[in-house]
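First the structure, in the form of structure tokens, and then the observations on it.
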Amino acid sequence: PQQPAAIVWGMLGLLPSCAEDDYFVLPPLFQHSEIKLPGESSLVIDTQNFSTNASNVKKIKFDGKNQGAEKLGETQVKSGGTLLLQLDNR
């Protein structure tokens with residue numbers, strides 16, 4: 001993505017990877033976000049323990065399933081669903 005788009009994605013807690021079709025998961029600047037996608041779907045990003053001082057993401061769930069890595073595939077993002085991020089405020 002172009003730089004301005006990458007900045008917006010980063011603010012939402014998803015930073016596009018330059019080398020792969022993935023998004024790195026970061027603490028977002030918003031407690032709740034919803035992105036309307038083409039068609040009927042949307043990507044919802046919710047946080048637990050939200051704080052603008054959050055230093056990292058402690059736990060990641062996508063559509064209720066734990067994610068082992070701190071990234072999401074492009075297919076997951078484009079398909080939509082619910083991303084739940086548990087933040088660590090330490």
Side-chain angles (χ1 to χ4, degrees):
Q2 295 180 357
Q3 259 185 327
I7 292 169
V8 172
W9 279 109
M11 292 170 65
L12 295 171
L14 297 171
L15 185 64
S17 169
C18 294
E20 302 172 16
D21 291 334
D22 292 323
Y23 292 79
F24 295 103
V25 180
L26 311 167
L29 294 180
F30 310 102
Q31 187 170 6
H32 172 85
S33 301
E34 184 171 353
I35 303 163
K36 300 288 184 187
L37 301 171
E40 299 291 320
S41 61
S42 62
L43 176 65
V44 176
I45 303 168
D46 281 320
T47 59
Q48 292 178 332
N49 304 325
F50 178 77
S51 169
T52 55
N53 296 326
S55 58
N56 62 33
V57 178
K58 186 175 180 180
K59 193 176 207 180
I60 302 168
K61 286 188 177 186
F62 189 78
D63 283 341
K65 297 177 185 170
N66 288 327
Q67 298 293 298
E70 292 185 352
K71 60 183 178 177
L72 289 179
E74 184 178 38
T75 304
Q76 288 174 293
V77 173
K78 287 185 174 181
S79 298
T82 300
L83 178 63
L84 179 62
L85 307 175
Q86 184 179 5
L87 303 181
D88 189 356
N89 296 321
R90 291 186 258 158

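Index from 1, following the sequence.
Considering CG of D21 and NZ of K78, their distance stands at 7.5 Å, rounded to 0.5 Å. Atom CG in L83 sits 9.0 Å away from atom CD in Q76 (nearest 0.5 Å). The distance from the OH atom of Y23 to the CG atom of L15 is 10.0 Å, given to the nearest 0.5 Å. With rounding to the nearest 0.5 Å, the separation of CD in Q31 from CD in Q48 is 10.5 Å. To the nearest 0.5 Å, atoms NZ (K61) and OG1 (T82) are separated by 12.0 Å. Interatomic distance, H32 NE2 to D46 CG, rounded to the nearest 0.5 Å: 5.5 Å.
In the hydrophobic cluster analysis, where Ile, Leu, Val, Met, Phe, Trp and Tyr join through side-chain heavy atoms closer than 4.5 angstrom, V44 is grouped apart from F30. A single hydrophobic cluster is not seen to contain both L26 and V8; linkage of ILVMFWY side chains at heavy-atom distances under 4.5 Å, directly or through other members, places them apart. Under the 4.5 Å side-chain heavy-atom criterion for ILVMFWY residues, a single connected hydrophobic cluster contains both L12 and I7.
Nearest heavy-atom pair, L37 versus L43, reported as atom, atom and distance to 0.1 Å: CD1-N, 4.0 Å. Listed here is the closest heavy atom pair of K36 and S42: CA-CB, 4.1 Å. Of all heavy-atom pairs between A69 and I60, the closest is O-CD1, 3.7 Å. Scanning all heavy atoms of the two residues, the minimum distance from F50 to L29 falls at CZ-O, 3.5 Å. In plain terms, the two heavy atoms of G81 and F62 that are nearest each other are CA-CZ, 4.1 Å.
Residues P28 and L87 form a side-chain contact, since some pair of their non-hydrogen atoms from C-beta on lies under 4.5 Å apart. Inter-residue side-chain proximity for L14 and V25 is flagged as met; some heavy-atom pair is nearer than 4.5 Å.
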Decide side chain to side chain contact (heavy atoms under 4.5 Å, CB included) for W9 and V77; before the verdict, give the C-alpha distance in whole Å, the side-chain angles of both, and the deciding distance to 0.1 Å. CA-CA 11 Å; W9 279 109; V77 173; 3.9 Å; yes
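Counting heavy atoms of neighbouring residues, nucleotides and ligands inside a 6.0 Å radius, atom CD of E70 does not exceed 12 of them.
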